[in-house]
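Working notes, beginning with the structure itself.
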Amino acid sequence: MVPKLSQEDYRKSNIGFVCSQLQVNRGLGGKIAVRFLDAELKVTDLSYQDLNLRSNQVANLLRSEGFEIGEKAFIFLPKCIEIYEIFLGILKAGLVAGTLFSSFGPEALLDRLSDSGASVVFTKKKMAGKIMRVIDQLPNLREIILIDSDDNLELRQKGYNQLLSKIPTDFSCSLFGQKPAILHYTSGSTGKPKGVLHVHSAIQSHISSFEEVFQPLDDDIYWCTADPAWVTGTSYGIIAPLARGISQIQYAGVFDPSIWLSIIEREKVDLFYTAPTVLRMMMQFENEIYAGFDLSGLRHIYSIGEPLNPEIYKWGVQVLKHEIYDTWFQTETGAIQIANRPPFKIKPGSMGMPLSSVQMAILDEGCNKLPTENVGKLVLKPGWPSMFVGYLNQTDSYNSKFRCGYYHSGDLAAIDEDGYVWFKGRDDDVINTSGHLVSPFEVESSLLEMDEIADVGVIGAPDPLVWEKVVAFVKLKPAVDMTSALALKIKLYISNHVSPLATPGEIITVGKIPKNQSGKVMRRVLRSIYNGTDPGDMSTMEEE
C-alpha cells in the first residue's frame, strides 16, 4: 500500500514528514520501522511512532540551536540506530542532510566540510578527533554534536543526549518540495570531490523505483546492506522503505557469511539488497556453509554498485537458489534508472532494462543515437524527480553533464535487440572499488604530501574481488628506495588521511610520471604500462 499522496503532493512534500509522520497518520505508528542489530546481534527496535517523535526532537534541537533552513548538517557516524532519527530530523527542519563515511580521514573530511560550508556535524567522541585536527580550517562549523555524550566537551562540541533531554517531541513540518534536501559527495577523475545536491521532491523517484524494482508487500522485511553514507544507503536504506511503510533491518557488524545468512533466516528477510563485492566474498566460502540455512522465505536478491558478472548470477542460482537482480543508478540520478526485475527474464551480465519512466539512449561522440549492439555513451533524458539539481559551487561542471538534450552518465554501454543494457566501461578515470567511486586525483594529492614521494599517478585496474583496485605509480625522491616498510606506510597514509576504500592495492615505482604538456597525468599511458599494451598517440606528452 503506497502512501495516499498524489504526485503533486510528493512534488511539494518533505522527505522527513513522509518517512515518519505520514506513516503514523496511516496507522503504522506501532509497526517496526527499523530493527537494528549491533555487532553482537543485540536488537534495538525503532517503531514509526518512535522515529517520528525522535526526529521531531532533532528538528527542534536544530532550530533551538539557531540553525536555519538551507544550512548544511552532516552525519559522520558508523551504522547506528540514531542515524535514522538524525537524518529525518535534519530534513524536517529544512536543513540539507549530508552523510560521510565513518572511515574518512581528516583530509577527506576537510574537503567536504569546507566546500559545503557545513554548520553542524553529528558524530561520536572517538571520531570527533579527526574533525578537531582540521577545525581551524572550518570557520563555518559552529557545532559538533556527540551522540554518545551527555555533556558539552571541547571547543564547539555538545552532548546529544543533554540537548535532547530538554527538547519537545512536537514539530510542525513545512513542505519544502523543490528546496535542497540531501548532499552527497562523489569523486571525479580530476579536482576535488563534487557535492551532488538533491531536493525533497526526489522522493517521487525513490518510491516509484522501489515499487517497480523491489515490488514490496506490506508485511515484507527488507535489508539493504549499504552504508548510509552512500547514496544507496540513503535512497534505499532509509528513504524508500520508510516512505513505503515497511520494516527494515540494519546490522552494524562486519561481513561474515554465516552471520549474514543467519540474520536473513532469523529475521525472515524477504528482500535483500547488497553489492557484488559482498556476493564475490560469499563465493569464496565453501558451498556447504549455505546448505545449513533456510532461505526459502527470501523472495528476491538485488545487487548494486558495479556490474554483476554472469559467474555471480550462476552461483546465486546454484548455491543460494535465487536469481540475483542487478540494478544501476548513480549519485547524480538519485534513484534506480536501469534494472533487472520481475517478471522479466534475466540475461546474466546485463544491467537489465530502463524503468518504465526512464528515457535513455546510447550516443556517439557527435550525439547521434547508435543502433543496437554498438558501444557508446549512456545518456538519460532529464526531468525525473530525483535528478540532481547541481554540483555545489561547481556550476560549469554541472552544466557539462548536460549536452544534446541528455544527461551524460560517464558510462559506456550498448543496448541489445531486446532492450537490455550492457555496461562496457567508464568514459573517465574514476575508479569503482567495491561499488564506491574513488577519485585518482584525491589519492594523488594526498600521496604528494609524503616526504618520500616526488610525483605520483593513480589508476584503477581489474580485480577479481573488488571489481577495480587502486594502483599507485610513484616516483620516489632521490636516495629513497621502495621497501616493504615504505609500501605499508603509503597504504596506511591513504587509509588514515583519505579512506580505507582508497588504499592502493598495488604500488609501482617509476622514474617518471607521464603527463601531457599542460601537466595532467596521462592515465591511459599508465594503464598501458600496467597492461603491457601500446599506449597509442603520445604527441601531447610532456617534453623532457
Sub-4.5 Å side-chain heavy-atom contact between [X] and [Y]:
{"X": "Tyr251", "Y": "Trp223", "answer": "yes"}
{"X": "Ile263", "Y": "Leu41", "answer": "yes"}
{"X": "Tyr302", "Y": "Tyr236", "answer": "no"}
{"X": "Leu53", "Y": "Asp50", "answer": "no"}
{"X": "Val120", "Y": "Ile144", "answer": "no"}
{"X": "Val474", "Y": "Ile508", "answer": "no"}
{"X": "Tyr325", "Y": "Val213", "answer": "no"}
{"X": "Leu392", "Y": "Lys194", "answer": "no"}

Original post:
What's the verdict on side-chain hydrogen bond (donor to acceptor under 3.5 Å, both in side chains) for Glu442 and Ser439, showing C-alpha distance, side-chain angles and the deciding distance?
Top reply: CA-CA 5 Å; Glu442 195 170 9; Ser439 164; 4.8 Å; no

Is a side-chain N or O of [X] found less than 3.5 angstrom from the main chain of [Y], in a donor-acceptor match?
{"X": "Thr99", "Y": "Ile75", "result": "no"}
{"X": "Ser386", "Y": "Thr333", "result": "yes"}
{"X": "Gln330", "Y": "Ser409", "result": "yes"}
{"X": "Arg244", "Y": "Phe210", "result": "no"}
{"X": "Asp115", "Y": "Asp111", "result": "no"}
{"X": "Tyr48", "Y": "Ile246", "result": "yes"}
{"X": "Ser20", "Y": "Asn52", "result": "no"}
{"X": "Thr234", "Y": "Val231", "result": "yes"}
{"X": "Ser64", "Y": "Leu61", "result": "yes"}
{"X": "Lys72", "Y": "Val96", "result": "no"}

Point-to-point distance, once rounded to the nearest 0.5 Å, from [atom1] of [X] to [atom2] of [Y]:
{"X": "Asn531", "Y": "Arg524", "atom1": "CG", "atom2": "CZ", "answer": "13.5 Å"}
{"X": "Lys179", "Y": "Leu91", "atom1": "NZ", "atom2": "CG", "answer": "13.5 Å"}
{"X": "Lys126", "Y": "Lys130", "atom1": "NZ", "atom2": "NZ", "answer": "9.5 Å"}
{"X": "Ser495", "Y": "Ile490", "atom1": "OG", "atom2": "CD1", "answer": "13.5 Å"}
{"X": "His436", "Y": "Thr232", "atom1": "NE2", "atom2": "OG1", "answer": "8.0 Å"}
{"X": "Phe272", "Y": "Ile324", "atom1": "CZ", "atom2": "CD1", "answer": "9.5 Å"}

[Y]/[X] salt bridge by N-O under 4.0 Å criterion:
{"X": "Glu71", "Y": "Arg142", "answer": "yes"}
{"X": "Lys475", "Y": "Glu452", "answer": "no"}
{"X": "Asp45", "Y": "Arg35", "answer": "yes"}
{"X": "Arg54", "Y": "Glu82", "answer": "no"}
{"X": "Glu306", "Y": "Arg280", "answer": "yes"}
{"X": "Lys377", "Y": "Asp411", "answer": "no"}
{"X": "Glu143", "Y": "Arg156", "answer": "no"}

Original post:
Does the side chain of Glu85 come under 3.5 Å of the side chain of Ser55 through a donor N or O and an acceptor N or O?
Top reply: no

Original post:
Can you find a side-chain donor-acceptor pair between Asn14 and Lys92 that sits under 3.5 Å?
Top reply: no

**OP:** Give the C-alpha distance, both sets of side-chain angles, the deciding distance and a yes or no for salt bridge (Lys or Arg N to Asp or Glu O under 4.0 Å) between Asp455 and Lys515.
**Re:** CA-CA 11 Å; Asp455 205 357; Lys515 297 181 180 180; 3.0 Å; yes

Original post:
Where do Thr503 and Lys491 land on the side-chain hydrogen bond (donor to acceptor under 3.5 Å, both in side chains) test, with the steps shown first?
Top reply: CA-CA 5 Å; Thr503 302; Lys491 292 182 178 184; over 6 Å; no

Subject >> Residues Ser114, Gln137; criterion side-chain hydrogen bond (donor to acceptor under 3.5 Å, both in side chains); working and verdict >> reply: CA-CA 8 Å; Ser114 175; Gln137 300 174 67; over 6 Å; no

**OP:** Please step through side-chain hydrogen bond (donor to acceptor under 3.5 Å, both in side chains) for the pair Glu468 and Thr433, ending with a clear verdict.
**Re:** CA-CA 5 Å; Glu468 285 186 311; Thr433 181; over 6 Å; no

What is the ring orientation for [X] with [Y], classed by angle as parallel under 30°, tilted 30 to 60°, or perpendicular over 60°?
{"X": "Tyr273", "Y": "Phe214", "result": "perpendicular"}
{"X": "Phe402", "Y": "Tyr407", "result": "tilted"}
{"X": "Phe388", "Y": "His198", "result": "tilted"}
{"X": "His200", "Y": "Phe176", "result": "tilted"}

Kindly give the heavy-atom pair with the smallest separation between [X] and [Y], and that separation in Å.
{"X": "Trp328", "Y": "Leu378", "answer": "CH2-CD2, 3.9 Å"}
{"X": "Pro78", "Y": "Ile83", "answer": "O-CD1, 3.3 Å"}
{"X": "Phe67", "Y": "Ser119", "answer": "CE2-O, 3.6 Å"}
{"X": "Ala181", "Y": "Val199", "answer": "CB-C, 3.7 Å"}

**OP:** Decide side-chain contact (heavy atoms from CB on, under 4.5 Å) for Ser446 and Tyr493; before the verdict, give the C-alpha distance in whole Å, the side-chain angles of both, and the deciding distance to 0.1 Å.
**Re:** CA-CA 8 Å; Ser446 187; Tyr493 191 88; 3.4 Å; yes

**OP:** Give the intermediate values and the outcome of side-chain contact (heavy atoms from CB on, under 4.5 Å) for residues Ile221 and Gln248.
**Re:** CA-CA 5 Å; Ile221 305 298; Gln248 64 171 310; over 6 Å; no

Original post:
Residues two or more places apart in sequence or in another chain: which of them pass side-chain contact (heavy atoms from CB on, under 4.5 Å) with Asp256?
Top reply: Ser258, Ile259

Original post:
Does NZ in Lys477 sit with more than 12 non-hydrogen atoms of other residues, nucleotides or ligands closer than 6.0 Å?
Top reply: yes

Subject >> Residue Glu68 excluded, over 12 heavy atoms near CD under 6.0 Å >> reply: no

Original post:
Could Arg112 and Phe104 be counted as a cation-pi pair, given that NZ or CZ must be under 6.0 Å from the ring centre and within 45° of the axis?
Top reply: yes

Subject >> side-chain contact (heavy atoms from CB on, under 4.5 Å) evaluation trace for Val466 with Asn432 >> reply: CA-CA 8 Å; Val466 298; Asn432 185 332; over 6 Å; no

Subject >> Which residues share a side-chain hydrogen bond (donor to acceptor under 3.5 Å, both in side chains) with Gln57, sequence neighbours left out >> reply: none

Original post:
Do Tyr185 and Tyr391 have ring centroids that are under 6.0 Å from one another?
Top reply: no

